[in-house]
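These notes concern the structure reproduced below.
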Amino acid sequence: MDFAPDEEHALLRGAVAGVVGRFGHGYFVSEARRGGNAGDLWSELAALGFVGVNIPAEYGGGGRGLVELAIVEEECAAGGCPLLMLLVSPAICGSVIARYGTDEQKDRWLPGLASGADKMAFAITEPDAGSNSHRISTTATPYGGGWRLRGAKYYISGVDDAAHMLVVARTGVDERTGRGELSLFVVDTDAAGLSRVQIPVELVATERQYSLWFDDVEVGPDRLVGPVGGALRPLFDGLNPERILSAALLNGIGRYALERAAAYARDRRVWDTPIGAHQGIAHPLAEAAVHVELARLMTDKAAWLYDTRADAAEASNMAKFAAADAAAMALDRAIQTHGGNGMATEFGLSTMWGMARLLRIAPVSREMILNFVAQHTLGLPRSY
Ligand SMILES: Cc1cc2nc3c(=O)[nH]c(=O)nc-3n(C[C@H](O)[C@H](O)[C@H](O)COP(=O)(O)OP(=O)(O)OC[C@H]3O[C@@H](n4cnc5c(N)ncnc54)[C@H](O)[C@@H]3O)c2cc1C
């Protein structure tokens with residue numbers, strides 16, 4: 001066991017923090033409010049190889065793994081710029097295509113994801129299925145040598161900012177269990193038959209969410225990623241990275257909140273001492289700092305397990321759960337520490353609340369994580 005800081009990781013952290021520090025939370029909020037995509041920040045991070053750090057080197061990526069991509073995401077969020085698109089494009093889509101794509105698919109999609117010039121959205125959630133992915137009803141049926149997709153998805157992030165998306169569709173039903181057999185397809189976001197409507201959400205983010213309708217959207221045979229009807233394995237190999245990156249983003253928010261709270265509590269005097277001298281202020285922040293650090297440790301473990309191709313499901317779920325609770329705790333207490341200023345746009349705390357709160361629900365809710373841990377870690381009966 002070696003917890004000594006890795007020099008290369010420290011350099012990566014510093015370099016990302018340096019770039020993000022030149023933009024800051026004010027930039028992020030103004031981009032989100034004008035409907036922008038933080039394109040200048042994305043381009044700078046991409047030009048330095050940070051966006052594609054986990055994509056294999058032979059496709060132009062950094063040839064590193066999720067440990068490094070998680071560092072990039074944590075530093076972005078810690079600098080006030082939590083980028084959901086990193087969870088989706090390099091983490092889910094990049095990981096799935098790198099592990100399950102054909103050579104031709106890797107040649108075609110990975111260089112763009114590696115350079116950051118292309119972004120890929122990810123679409124699994126459906127109005128009638130929700131957390132029960134086995135029940136998704138978007139179908140892909142064989143047609144003219146390729147496939148034809150029909151159905152609806154909702155809350156799909158970044159579709160307006162991505163040229164393609166990785167879509168989960170049902171290609172059959174398992175006779176024995178009655179569950180859908182799932183497959184993965186790369187679909188162009190401007191494909192004929194695909195329509196979208198933005199869903200208004202109370203979230204300060206540089207990605208927008210959409211309802212999507214697939215009305216006989218046709219794709220060629222080359223768009224199927226992984227085996228027909230056998231997407232569960234590739235899917236979980238993509239969803240674990242999403243959970244790890246979500247945890248990293250949340251850990252960054254936790255650090256961001258605590259740094260601001262501590263600075264404010266050191267300076268602000270209401271009686272004769274700084275408010276940080278009151279244990280009513282100091283202990284809640286110290287407790288949150290413990291939880292953020294524990295979540296960071298679990299996130300490192302989950303990313304390491306994923307990168308070493310070990311089973312990362314339990315650790316990824318636990319890391320996301322712990323990080324979501326820790327970030328919400330840290331941010332709420334940072335807001336409390338600021339008194340009325342906690343609500344002011346200028347202090348940049350309430351503008352992070354939607355993001356921290358979202359990640360207790362998405363990409364997998366805390367209840368579904370507890371279901372997983374109860375069943376797989378504790379061996380309890382499945383309750384649903
Ligand atoms: C801003 C935003 C961005 C998103 N981006 C994407 C995206 O890019 N791509 C994508 O595919 N999806 C995306 N999502 C969807 C997100 O992953 C889902 O909202 C999430 O998985 C929960 O599904 P649901 O909303 O249908 O809730 P439901 O499944 O309806 O759940 C509602 C509540 O019931 C609880 N619940 C359900 N089943 C059980 C059970 N068995 N036991 C205990 N509790 C249970 C849940 O935990 C939750 O609290 C996004 C959502 C939001 C809000």
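Computed from heavy atoms alone, side chains included, the values below leave out hydrogens, waters and symmetry copies. Order of appearance sets the numbers: ligands from 1, and atoms from 1 within every ligand. Because the structure is predicted, anything quoted here is derived from the model rather than measured.
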Could you check which of [options] puts a non-hydrogen atom nearest to [atom]?
atom	options	value
atom 11 (O) of ligand 1	L203, I124, L166, I361	I124
atom 25 (O) of ligand 1	Y384, Y154, F122	Y154
atom 53 (C) of ligand 1	T125, D128, L358, I136	L358

Donor on one side chain, acceptor on other, [X] and [Y], under 3.5 Å:
X	Y	result
E68	H9	yes
T351	H25	yes
T206	N37	no
N132	Y384	no
T171	E181	no

Atoms of ligand 1, numbered as shown, that sit under 4.0 Å from any heavy atom of A362: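 Those atoms are 16 (C), 17 (O).
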Contacting atoms of ligand 1, where contact means under 4.0 angstrom from a heavy atom of G130: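 That gives atoms 26 (O), 29 (O) of ligand 1.
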Parallel, tilted or perpendicular, as decided by the 30° and 60° cut-offs, for the rings of H338 and Y264: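 Correct class here is parallel.
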Atom 33 (C) of ligand 1 protein-contacted (non-hydrogen atom, under 4.0 angstrom):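 No, because not a single protein heavy atom sits under 4.0 Å from atom 33 (C) of ligand 1.
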Any non-hydrogen protein atom less than 4.0 Å away from atom 30 (O) of ligand 1: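 No; the ligand atom in question lacks any protein heavy-atom contact below 4.0 Å.
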Close N or O approach (S157, ligand 1; < 3.5 Å):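 By distance alone, the answer is yes.
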Nitrogen or oxygen atoms of S365 and ligand 1 under 3.5 Å apart: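 Yes, there is a polar N/O contact under 3.5 Å.
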Protein residue, atom and distance nearest to atom 42 (N) of ligand 1, heavy-atom basis: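 Looking only at protein heavy atoms, the one closest to atom 42 (N) of ligand 1 is N371 ND2, 3.0 Å.
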Nearest-neighbour protein heavy atom for atom 14 (N) of ligand 1, which is reported as residue plus atom name and distance: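 Nearest neighbour among protein heavy atoms for atom 14 (N) of ligand 1, to 0.1 Å: Y155 O, 3.2 Å.
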